[in-house]
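Working notes, structure below.
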Number of protein chains: 2
Amino acid sequence: MKRIAESTVRRLSIYLSFLEDIGARGALTTSSDDLARLGGTTSAQVRKDLSFFGSFGKRGLGYSVPELSSRLREILGLERQWRVCIVGAGKIGSALARYAGFAERGFMVSGVYDSDPGKIGKQWGGVTVLDIADLERDIVARQYHIAVLAVPAEEAQVLVDRMVKAGIKAILSFAPTQITVPADVTLRTVNMAMELEGLTFALTNRGADR
Amino acid sequence: MKRIAESTVRRLSIYLSFLEDIGARGALTTSSDDLARLGGTTSAQVRKDLSFFGSFGKRGLGYSVPELSSRLREILGLERQWRVCIVGAGKIGSALARYAGFAERGFMVSGVYDSDPGKIGKQWGGVTVLDIADLERDIVARQYHIAVLAVPAEEAQVLVDRMVKAGIKAILSFAPTQITVPADVTLRTVNMAMELEGLTFALTNRGADR
DNA sequence: GCTAGCTTGTGAATTAAATCACAAGTTAGA
DNA sequence: TCTAACTTGTGATTTAATTCACAAGCTAGC
Ligand SMILES: NC(=O)c1ccc[n+]([C@@H]2O[C@H](COP(=O)([O-])OP(=O)(O)OC[C@H]3O[C@@H](n4cnc5c(N)ncnc54)[C@H](O)[C@@H]3O)[C@@H](O)[C@H]2O)c1
Ligand SMILES: NC(=O)c1ccc[n+]([C@@H]2O[C@H](COP(=O)([O-])OP(=O)(O)OC[C@H]3O[C@@H](n4cnc5c(N)ncnc54)[C@H](O)[C@@H]3O)[C@@H](O)[C@H]2O)c1
């Protein structure tokens, strides 16, 4: 299989969320044109994206909403439950731990870790805050699939190294810092300062370009 | 001026954060090669990115850290304060409102809005939760530059429409839904479910591709 | 069973982004 | 002053992503 671009994967997520939306409203079929309109892209793009994985539509008719949803869930790996741990029980970690949207999508937050003795042992909407010292042991014992990192930037790389050593293969980081991981580990970083700077760049340079 | 790609702007943010890092550690000069190594790109990419905006280095020597930092801050529009409002005082809104990282970068959270009477009037680390009914008035009166949207997905588009009508030109949304804005309004969306799906895609398809 | 009207799937063409590669500056040291 | 060692800035080239455009396939209606 050809290497799939990250932009394609992002769009697949978007298509899926529309399919679930219109599926919930009773739509049984849809077209690449519908998906394109909703997702702000072109119908050729939609078809090309899907074509990397197979041929899911019927010419002249379009796509079956339930079938395409299911195929996309399969492609994205959403036909199963994923065990997630959150590392860092601070402001953002706490928001994430109690976020209902994750469970709805099959992401089970089954552990939250912190180094602050004042937080360890606290109950948080069904999850207990655990001692960061047990992180490696739990990664092995509880077989977390994904770690969400919500600690100060200075701690991020060290904790990632620990987690990688313990066998974690996927990390979502909120620390605004560059982190390096081995090639077999997937890392995504959400950097809010960078998003805001994208906005201020646009506000500042509006009119000059485009 | 040529249209600048979003990927270029993102990298400029990355370069700036490195410059601030090494500048704080006393470095006076740096090279495109340094920046490339730190940012996981190539030196040619760094130089090309910068070349869209001018010529900031000295051949044979590299870049002055303070000068390049300052030029990048200028380009990104960070040489000033930006007034930010947060719309939605829930779990994520509260984390954002109390996040120190914003103020450090010149983003002043000067208003938090919610529709829940139980939350309106509460004090939150120096900011009072305000009534969403006053949103339009305040966008005009307080001249917010940026709105951060942290309400349930169902409410997102309606609130965006209200804000746009009141004159807001930049929005950062955390609602996991597609939002449309006029061409003169810049919107960035942080969709955590999508980030996680990027990870599960990689976990599921590892080995098959790449 | 035939036609008109759609819509897919995909090579070909185009556009955009990243990389190469090197002339042109700059500095330090002899 | 001259040379050796660097590093920038940028056209040229390559690679990647997107868009075009159309044959092929499907359905509904007659
Ligand atoms: N709060 C936000 O809205 C926000 C927004 C964007 C980015 N971030 C980033 O997310 C990260 C966390 O931010 P926050 O606002 O939640 O900070 P916070 O200070 O509220 O939380 C950080 C938590 O990490 C814990 N911690 C520190 N070192 C640790 C270690 N070695 N092992 C385990 N736990 C450790 C602390 O005890 C604390 O509970 C930071 O990198 C921050 O820049 C936060
Ligand atoms: N909590 C997280 O970690 C997290 C993560 C990713 C995405 N999100 C997204 O962020 C958004 C907020 O999530 P949350 O977890 O903070 O939810 P929440 O329910 O804790 O907060 C939502 C807040 O919005 C307020 N609100 C609702 N309608 C409003 C309106 N019309 N005007 C003003 N305020 C209104 C509610 O009163 C509530 O305080 C959601 O779209 C969610 O999907 C949250």
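Here is the naming used below: chain letters follow the sequence lines, and residue numbers restart at 1 for every chain. Note that the coordinates shown come from a computational prediction; the quantities given were computed from them, not determined experimentally. Every heavy atom of this structure was used, including side-chain atoms; hydrogens, water molecules and symmetry mates were not.
- Non-hydrogen atoms lying under 4.0 Å from DNA chain C are contributed by nothing in residues 22-39 of chain B.
- Within 4.0 Å of A/Thr8, counting heavy atoms only, lies no atom of the nucleic acid at all.
- Taken over five-pair windows at either terminus, the axes of the helix from C/dG1-D/dC30 to C/dA30-D/dT1 are inclined to one another by 10° (rounded to 10 degrees).
- Not counting sequence neighbours, the partners of A/Ala89 by the side chain to side chain contact (heavy atoms under 4.5 Å, CB included) test are A/Val112, A/Asp114, A/Lys119, A/Trp124, A/Val129.
- In the region residues 54-61 of chain B, proximity to DNA chain C at under 4.0 angstrom, judged on heavy atoms, holds for B/Arg59, B/Gly60.
- Partners of A/Arg80 under the salt bridge (charged side-chain N to carboxylate O under 4.0 Å, His left out) rule, at least two apart in sequence or in another chain, do not exist in this structure.
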Considering only distance and modelled atom types, tabulate donor-acceptor pairs under 3.5 Å from the side chains of residues 48-56 of chain B, sequence neighbours left out.
| residue | atom | partner | partner atom | Å |
| --- | --- | --- | --- | --- |
| B/Asp49 | OD1 | B/Thr8 | OG1 | 3.4 |
| B/Asp49 | OD1 | B/Arg11 | NH2 | 2.9 |
| B/Asp49 | OD1 | B/Gln45 | NE2 | 3.3 |
| B/Asp49 | OD2 | B/Arg11 | NE | 2.6 |
| B/Asp49 | OD2 | B/Tyr15 | OH | 2.7 |
| B/Ser51 | OG | B/Lys48 | O | 2.7 |

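- B/Asp161 meets the side chain to side chain contact (heavy atoms under 4.5 Å, CB included) test with B/Gln157; sequence neighbours excluded.
- Among pairs with a residue in residues 12-33 of chain B, those fulfilling salt bridge (charged side-chain N to carboxylate O under 4.0 Å, His left out) read B/Glu20-B/Arg73, B/Glu20-B/Arg105, B/Asp21-B/Arg25, B/Asp33-B/Arg37, at least two apart in sequence or across chains.
- Without hydrogens or angle criteria, A/Thr189 side chain to A/Asn191 main chain gives no donor-acceptor distance under 3.5 Å.
- D/dA16 atom C1' lies 13 Å from atom CD1 of A/Ile4, rounded to whole Å.
- With hydrogens and angles left out, the side-chain atoms of B/Tyr113 and B/Asp138 include a donor and acceptor closer than 3.5 Å.
- In this structure, B/Lys48 places its NZ atom 7 Å from P of D/dG11, rounding to the nearest Å.
- Partners of B/Arg47 by salt bridge (charged side-chain N to carboxylate O under 4.0 Å, His left out), not counting sequence neighbours: none found.
- When each of A/Arg11 and B/Arg47 is assigned the nucleotide of DNA chain D bearing its nearest heavy atom, the one mapping closer to the 5' terminus is B/Arg47.
- Taking 4.0 Å as the cutoff to heavy atoms of chain A, we find the contact window on DNA chain C bounded by C/dC6 to C/dA12.
- Here B/Val65 pairs with B/Leu19, B/Ile22, B/Ala27, B/Thr30, B/Ser69 under the side chain to side chain contact (heavy atoms under 4.5 Å, CB included) rule; sequence neighbours left out.
- The residues A/Arg162 and A/Glu136 are annotated as salt-bridged, a charged nitrogen and a carboxylate oxygen being separated by less than 4.0 angstrom.
- As judged by a 4.0 angstrom heavy-atom cut-off over every strand, B/Ala44 is placed among the base-contacting residues.
- A salt bridge links B/Glu195 to A/Arg10: at least one charged side-chain nitrogen sits closer than 4.0 Å to a carboxylate oxygen.
- Counting only heavy atoms from C-beta outward, the side chains of A/Ile146 and A/Arg83 never approach each other to under 4.5 Å.
- Applying the salt bridge (charged side-chain N to carboxylate O under 4.0 Å, His left out) rule to B/Asp116 yields no partners; only residues at least two apart in sequence or on another chain are considered.
- In this structure, B/Leu68 places its CG atom 12 Å from C1' of D/dT8, rounding to the nearest Å.
- Here the C1' atom of nucleotide D/dA17 and the CG atom of A/Asp49 are 10 Å apart, to the nearest Å.
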